[in-house]
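Since the structure is predicted, the reported quantities are computational estimates derived from the model, not experimental observations.
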Amino acid sequence: MAIEASFVATEGEFPLAEVFAKFPASRIELDRVVPTNKALVPYFWLEDVDESEITMSGIEHPGIDDLRVIDDVDGQVFVRIGWNFEYESILTGILETNVSLVSAIGKEDRWTFELRATDQDDISAFQTYCRDRDIPVELTQLHALSPVRDDYDLTDAQREALTLAYARGYYDSPREASQEELAEELGITRQAVASRLQRGTRRLIAGSIVESAE
């Protein structure tokens, strides 16, 4: 039976904990991709930061080879990260055991990882991997895979943009609304609309088509 598990890490050994030393009030969300190799989660979003001070310089950790800001949209910074997988962490645990990453969200004092596995033995193998290497994680939730998800982890802003885009005919053919028109109605920039639609669509696909196929 497929199951999902939530783990929290409260000690600052996860490589991206170093980011909070520079941006203590920020929030990090790993940009989930289909894990095919060591390119696992090569991006993350950094939120609640001062855009005028965005730079990754000075952030160093043995688990990080490279950090590079790719873009900033509506107060959120898109960063590419090169992981050093010689450094053992929760991510290497995911790579080395038969579990999949559903989401990973970090704040200064706490990381929450949502994992999925074919059965509980796989979750146990992940826990054993972490325990054997003194990687501090705590299991907080374990439950059977739900057949239907009711929110797909959309943020309120993404849900609002997607709902408005659908209602105004943005997804019709021919298209009945432009991103500029949606932006004007929402009172945000076109770039912000594009980002919300792109990320929201990505989450919908990840939460329905991709996860159904796993």
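- W83 contributes atom CH2, which lies 5.0 Å from atom CG of L91 (distance to the nearest 0.5 angstrom).
- Among all heavy-atom pairs drawn from A9 and P136, the shortest one is CB-O, 3.6 Å.
- Shortest non-hydrogen contact noted between A5 and L139 is CB-CD1, 3.8 Å.
- Heavy-atom neighbours of Y166 OH from other residues, nucleotides or ligands within 6.0 Å: at or below the threshold of 12.
- Between the side chain of T201 and the main chain of L197, a donor-acceptor pair closer than 3.5 Å is present.
- At least one side-chain heavy atom of Y171 sits under 4.5 Å from a side-chain heavy atom of L162.
- Open room surrounds CZ on R68; 12 or fewer heavy atoms of other groups in view lie less than 6.0 Å from it.
- No side-chain donor-acceptor contact under 3.5 Å links S6 to the backbone of T140.
- When all heavy atoms of L164 and E185 are compared, the pair lying nearest together is CD1-OE2, 3.5 Å.
- Going from atom CG of L182 over to atom CZ of R196 covers 11.5 Å, rounded to the nearest 0.5 Å.
- Taking CG from L46 and CG from L16, the interatomic distance works out to 9.5 Å, rounded to the nearest 0.5 Å.
- Smallest separation of non-hydrogen atoms from V102 and R116: CG2-CB, 3.8 Å.
- Each of I94, L142, I90 was evaluated against L115; a single residue qualifies, I94, per the side chain to side chain contact (heavy atoms under 4.5 Å, CB included) test.
- Considering every non-hydrogen atom in both E176 and E181, the closest pair reads O-OE1, 4.1 Å.
- Under the side-chain contact (heavy atoms from CB on, under 4.5 Å) criterion, A117 pairs with V99, D122, I123, not counting sequence neighbours.
- Between the CG atom in L186 and the CD atom in Q179 there is a gap of 11.5 Å [rounded to 0.5 Å].
- Classified by interplanar angle (parallel below 30°, tilted 30° to 60°, perpendicular above 60°), the ring pair W111/F113 is parallel.
- Here E88 pairs with R133 under the salt bridge (Lys or Arg N to Asp or Glu O under 4.0 Å) rule; sequence neighbours left out.
- Surrounding CD of Q191 are more than 12 heavy atoms belonging to other residues, nucleotides or ligands, all under 6.0 Å away.
- Relative ring orientation between H61 and Y87 is described as perpendicular, the plane-to-plane angle rising above 60° on a 0-90° scale split at 30° and 60°.
- Going from atom CD1 of I3 over to atom CD of Q120 covers 5.0 Å, rounded to the nearest 0.5 Å.
- No path of Ile, Leu, Val, Met, Phe, Trp and Tyr side chains, each step under 4.5 Å between heavy atoms, connects V8 with F44, placing them in separate hydrophobic clusters.
- To the nearest 0.5 angstrom, E114 atom CD is 8.0 Å from I105 atom CD1.
- In terms of modelled atom types and a separation under 3.5 Å, the side chain of T92 and the main chain of S89 share a donor-acceptor contact.
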